[in-house]
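Quick notes on the structure that follows.
Note that the structure is a prediction, hence the values are computed from the model and not measured.
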Amino acid sequence: MAAAETFSFSRVTTFEQCPRRYRYRYLDGVREAFQSIEAFMGQRVHEAIEWLFREKGDGRLRAADEAVREYTAAFDREFAAARGSLKVIRQGTAVEEYRRSGAAMLADFHKDRFRSDSLETVGIEKHFVLEIEPGTRFQGYIDRLARDARGTTHIIDYKTGGRPPSSFTGKDADQLEAYAIAMFEQTTADELVLTLEYLRNGSTQSRRIRREDTAETRRRLVARIRMAGEASVFPTSPGALCDWCGYNDLCESYRPRVR
């Protein structure tokens, strides 16, 4: 019997954005030539937020300057280790600007959100695997799983880049709605709260979702997974994000756009 194939939300959206990139990464197993400094910085911010909540769970309420020190130490250490594989896309922008930007986002998050947060954290980087249909699994990592005083579970995702939407819509919302399917399968809850926290400007988008709301979400997700899983041709899809793609050295359609 063939092993079940496992898809993530990132895998699905990679196919939708550029089938060629999907083929290189998920089918051919080619390693990307570089990681963008934006993605690198975002990872370090996420790690620092995870650290804050883990420390809080262990009874240590850390100050903002401690979180920033944790972030900058990790940034410097990982940057030194991965320097040859990191790339600053926007010419004329110094690495230090990204380092400071991440520190500022973290400090603002601590002041505006972390200090007043009253939710009980029940999971950090919570991994799940769900059989979305026979022979196909869907997996993901939830940034933070928390519970309020009424016992309602919150699925929370932290975003460090991009311009946030004005309402709970778009790719980020789709991702959390897909994650809700797994949480309803793993719990007896009838309702969840989905929250997107955009750290760059401090905005938050939330939606309450009930168990019965996920049937259509599941149908759409299965259709998207099938589209990627059954594809036999993988054309390029040139666009504004090509400069940030670590496969652009392999792509015949790549033309630099950002200066």
Side-chain angles (χ1 to χ4, degrees), residues 7-18 21-22 36-46 48-50 89-90 98 101-102 104-114 116-117 119 125-126 128 138 140-146 148 152-184 191-225 227-228 237-245 257-258:
F7 285 79
S8 63
F9 194 79
S10 176
R11 180 170 177 172
V12 171
T13 55
T14 297
F15 176 79
E16 293 168 345
Q17 291 167 354
C18 181
R21 187 179 192 183
Y22 171 89
S36 73
I37 191 66
E38 291 93 343
F40 174 84
M41 179 267 286
Q43 287 179 342
R44 306 291 82 80
V45 172
H46 273 79
I49 290 174
E50 290 171 26
I89 311 299
R90 300 186 186 280
Y98 293 98
S101 174
M105 278 191 271
L106 187 59
D108 288 343
F109 168 77
H110 190 285
K111 174 173 64 72
D112 299 333
R113 306 291 300 174
F114 180 75
S116 60
D117 185 274
L119 300 177
E125 277 292 291
K126 171 70 174 178
F128 68 82
F138 178 68
Y141 289 86
I142 298 171
D143 284 353
R144 183 182 176 214
L145 202 61
D148 62 29
T152 302
T153 297
H154 295 238
I155 298 175
I156 305 168
D157 200 59
Y158 301 101
K159 301 296 184 184
T160 59
R163 182 178 301 171
S166 58
S167 61
F168 193 86
T169 57
K171 184 180 74 171
D172 296 341
D174 287 348
Q175 180 181 9
L176 288 201
E177 288 172 356
Y179 287 3
I181 298 171
M183 289 302 99
F184 280 126
E191 184 178 71
L192 300 169
V193 177
L194 311 180
T195 299
L196 293 162
E197 295 204 19
Y198 292 94
L199 304 181
R200 190 169 293 278
N201 74 342
S203 68
T204 299
Q205 300 291 348
S206 293
R207 180 198 168 191
R208 287 185 177 270
I209 184 170
R210 295 192 61 79
R211 183 177 290 271
E212 58 264 28
D213 297 334
T214 61
E216 177 60 18
T217 301
R218 188 178 192 130
R219 186 196 66 76
R220 291 197 307 268
L221 179 61
V222 167
R224 294 168 74 180
I225 289 173
M227 186 72 71
S237 182
L241 297 179
C242 287
D243 286 302
W244 282 265
C245 176
R257 293 168 179 250
V258 175

Heavy-atom side-chain proximity of Glu197 to Asp143 below 4.5 angstrom: no

Minimal heavy-atom distance between Leu199 and Met105, with the atoms involved, is O-CG, 3.5 Å

With Leu145 as partner, the option from Leu192, Ile156, Leu119, Thr153 fulfilling side chain to side chain contact (heavy atoms under 4.5 Å, CB included) is Thr153

Does the side chain of Phe114 reach to within under 4.5 Å of the side chain of Ile49, using non-hydrogen atoms? no

*Side-chain contact, heavy-atom cut-off 4.5 Å: Glu16 with Lys171?*
no

All heavy atoms of Thr169 vs all of Pro165, minimum pair found to be O-CG, 3.8 Å

So SG of Cys242 and CZ of Arg21: to nearest 0.5 Å the spacing works out to 9.0 Å

Residues at least two apart in sequence or cross-chain that pass side-chain contact (heavy atoms from CB on, under 4.5 Å) with Ser237, listed by chain then number, are Cys18, Pro19

Is the positively charged end of Arg44 above the ring of Phe40, judged by distance under 6.0 angstrom from the centroid and angle within 45° of the axis? yes

Rounded to the nearest 0.5 Å, the CD atom of Glu191 sits from the OG1 atom of Thr152 at a distance of 6.0 Å

In terms of heavy-atom contacts, Ile89 and Ser36 come closest through CG1-CB, 4.4 Å

Quiz item: Between Arg113 and Thr204, does a side-chain contact (heavy atoms from CB on, under 4.5 Å) hold up when you go through it step by step?
Solution: CA-CA 10 Å; Arg113 306 291 300 174; Thr204 299; 3.7 Å; yes

Margin query: Is any side-chain heavy atom of Leu176 closer than 4.5 Å to one of Arg207?
Written below: no

4.5 Å side-chain heavy-atom contact, Gln17 and Tyr22: no

Of all heavy-atom pairs linking Met41 and Ser101, the shortest is CE-OG, 4.2 Å

| query | Given the rule in the side-chain contact (heavy atoms from CB on, under 4.5 Å) test, do Asp117 and Arg144 qualify, once you have shown the distances and angles that lead to the verdict? | reply | CA-CA 13 Å; Asp117 185 274; Arg144 183 182 176 214; 2.8 Å; yes

All heavy atoms of Ser10 vs all of Thr13, minimum pair found to be O-OG1, 3.2 Å

### Task
Determine, for Phe7 and Arg11, whether the Lys NZ or Arg CZ falls below 6.0 Å from the six-membered ring centre while staying within 45 degrees of the axis.
yes

Asp174 meets the side-chain contact (heavy atoms from CB on, under 4.5 Å) criterion, sequence neighbours left out, with Phe9, Glu177, Arg224

Those residues at least two apart in sequence (or on a different chain) that pass side-chain contact (heavy atoms from CB on, under 4.5 Å) with Glu216 are Arg219, Arg220

Rounding to 0.5 Å, atoms CZ (Phe128) and CD1 (Ile155) come to a distance of 8.0 Å

Minimal heavy-atom distance between Leu194 and Ala180, with the atoms involved, is CD2-CB, 4.1 Å

Subject >> Donor-acceptor side-chain pairing of Tyr179 and Asp157 below 3.5 angstrom >> reply: no

Using a 6.0 Å cut-off, check whether atom NZ of Lys159 has over 12 heavy atoms from anything other than its own residue.
yes

### Query
Taking the six-membered ring for Trp, are Tyr158 and His46 parallel (under 30°), tilted (30 to 60°) or perpendicular (over 60°)?
perpendicular

Please check: side-chain N/O of Arg200 versus main-chain N/O of Thr160, any donor-acceptor pairing under 3.5 Å?
yes

| query | Is there side-chain contact between Ile181 and Phe138, with at least one heavy-atom pair below 4.5 Å? | reply | no

